[in-house]
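Here's the structure, in structure tokens; my notes come after.
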Amino acid sequence: MSTRYWVLGAIVLIMVVAPATGGVLASTADGTGIAQSQQTDGAAACNYSSLYDQTIDSVVAIRTDTGQGSGFVYQTGETNSASYIVTNAHVVGSAESVIVGFARDESKLGTVIGRDRSTDLAVVRVNETPGYVEALSVADTPPEQGSKVAAIGNPFGLEETITHGIVSGLNRSMPTKNGFSIPNVVQTDAPINPGNSGGPLVGCDGTVVGVNSAGIAAERADNIGFAISPNLVNRVVPELIDSGEYNHSFLGVSSAPLTPGLIAANDLTVTSGLYVHKAVEGGPASDVLQGTTDTVARNGSRIPVGGDVIVSIDGRSVSSGEDLSSYLLTETRPGDEVTLTIIRDGERQQVTVTLGERPESPV
């Protein structure tokens, strides 16, 4: 098992916050300040005071009967004062309505119109949005590793808090309470505190580069937090607004990354791929992919043998469960047909699978 997965075992569903350096306020042609600037050594920097002023009116506190979190205005209405607010599914829980607190001591009643526990995203509609509130733009792609970011939210109920740090890593997986993992998660060195969940992780220009979702317990690691990537937000949130739900593609396999033991026991000539331990009975791949047929003893352990090894999907290399789940979530929909390149009995071949719709929990 890779470090990425054992570390995530300590996940606590709370929220993201971070530390870093300041910068110099630059000006645009119309004289307004912008948050991003350049240090004397040429490295990109942030003016966090300006960034805070630029974004804080669009960041909200979310209160339910059982707890609190954060969120941000994702979309505003063109002809009325309605707005749509993005937060975490674990923040709203099963609530139908929440209290939304805005920056200038205003609060409104909001209705939860959609949630997707598999990506930990939810949308709240507010019918009477204050006039000074604007939507924050969401980046089209994840931020660059090492780039400076700021987290804005309400840790421990401390409203309108900003902290800062960097993007520590990309393409992480984060487990959720329904048993599935969220792929493409952004890792940051921001401290994670209860109450910040659902708030925005923003770049130096004020663009949302992640939705803060979780952190690792302090006794296990320091400054490792996670935010849902902007490409997932852009894919899932519009459907939550339109229909209240998001239907995920389902291949229906349980799998494991290749290890030296698996490679030796199965006489494999590849070192990168995903071993199919089981194809879920009645699932999309049940009549297409072959799972473990036996086990053999090796170094005191029983090693599965006979399963297919997935090496690519639609021409994209697969070396881990993260690669496979990321592609299924971001590039496919239920009913799509995908082509898998597999190794079976030492031979490389291609098979096709028509994807199903993911069940509520793993089967």
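These numbers come from a predicted model, not from an experiment. The figures that follow rest on heavy atoms only: side chains count, while hydrogens, waters and symmetry mates do not. All residue numbers refer to positions in the sequence shown, counting from 1.
Looking at L329 and T119, their side chains come closer than 4.5 Å, going by heavy atoms from C-beta outward. For the pair I113/Y84, a side-chain contact is recorded, criterion being any heavy-atom separation below 4.5 Å from C-beta on.
Although no hydrogens or angles enter the test, the distance criterion places a donor-acceptor pair under 3.5 Å between the side chain of S168 and the main chain of D189.
Applying the salt bridge (charged side-chain N to carboxylate O under 4.0 Å, His left out) test to residues at least two apart or on different chains, the pairs with a partner in residues 332-357 are E239-R333, D308-R344.
Taken from CG in L170 to OG in S147, the straight-line distance is 8.0 Å, to the nearest 0.5 Å. Put simply, CD on Q54 and OG on S49 are 11.5 Å apart, with the number rounded to the nearest 0.5 Å. Between the CG atom of N47 and the OH atom of Y52 there is a distance of 14.0 Å, given to the nearest 0.5 Å. The distance from atom CG of L232 to atom CG of D120, rounded to the nearest 0.5 Å, is 11.5 Å. For the atom pair CG (L121) and OG (S213), the distance works out to 8.0 Å, reported to the nearest 0.5 Å.
Here the rule is side-chain contact (heavy atoms from CB on, under 4.5 Å) with V311, and of V318, L340, I343, L258 only I343 fits it. Checked options N212, N154, T161; the residue passing with S70 is N154 (criterion: side-chain hydrogen bond (donor to acceptor under 3.5 Å, both in side chains)). Evaluated for a side-chain contact (heavy atoms from CB on, under 4.5 Å) with S137, the options V202, T207, V208 yield exactly one hit, T207. When the options D287, V253, V338 are evaluated for a side-chain contact (heavy atoms from CB on, under 4.5 Å) with V353, the one that passes is V338.
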> So V126 and V73, side-chain contact (heavy atoms from CB on, under 4.5 Å) or not? Walk me through it.
Replying inline: CA-CA 10 Å; V126 173; V73 178; over 6 Å; no
>> I'd like to know whether I342 forms a side-chain contact (heavy atoms from CB on, under 4.5 Å) with Q349, so could you lay out the CA-CA distance, the side-chain angles of the two residues, the decisive distance to 0.1 Å, and finally the verdict.
In response: CA-CA 6 Å; I342 65 171; Q349 57 184 279; 3.7 Å; yes
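Applying the ring-ring contact (aromatic ring centres under 6.0 Å, His included) rule to Y246 yields the partners H248; only residues at least two apart in sequence or on another chain are considered. For Y74, the side chain to side chain donor-acceptor pair (under 3.5 Å) criterion is met by no residue, not counting sequence neighbours. The side chain to side chain donor-acceptor pair (under 3.5 Å) test applied to S249 returns T332, not counting sequence neighbours. Scored by the side chain to side chain donor-acceptor pair (under 3.5 Å) test, T295 finds R302 as partners (sequence neighbours excluded).
For E134, the CD atom is loosely surrounded, since the number of other residues' heavy atoms within 6.0 Å does not exceed 12.
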Enumerate, atom names and distances included, each donor-acceptor pair closer than 3.5 Å involving a side-chain atom of residues 93-111, sequence neighbours excluded.
| residue | atom | partner | partner atom | Å |
| --- | --- | --- | --- | --- |
| R104 | NH2 | D57 | OD2 | 2.8 |
| E106 | OE2 | Y132 | OH | 3.2 |

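The minimum heavy-atom distance between S319 and P257, with the atom names listed, is O-CB, 4.4 Å.
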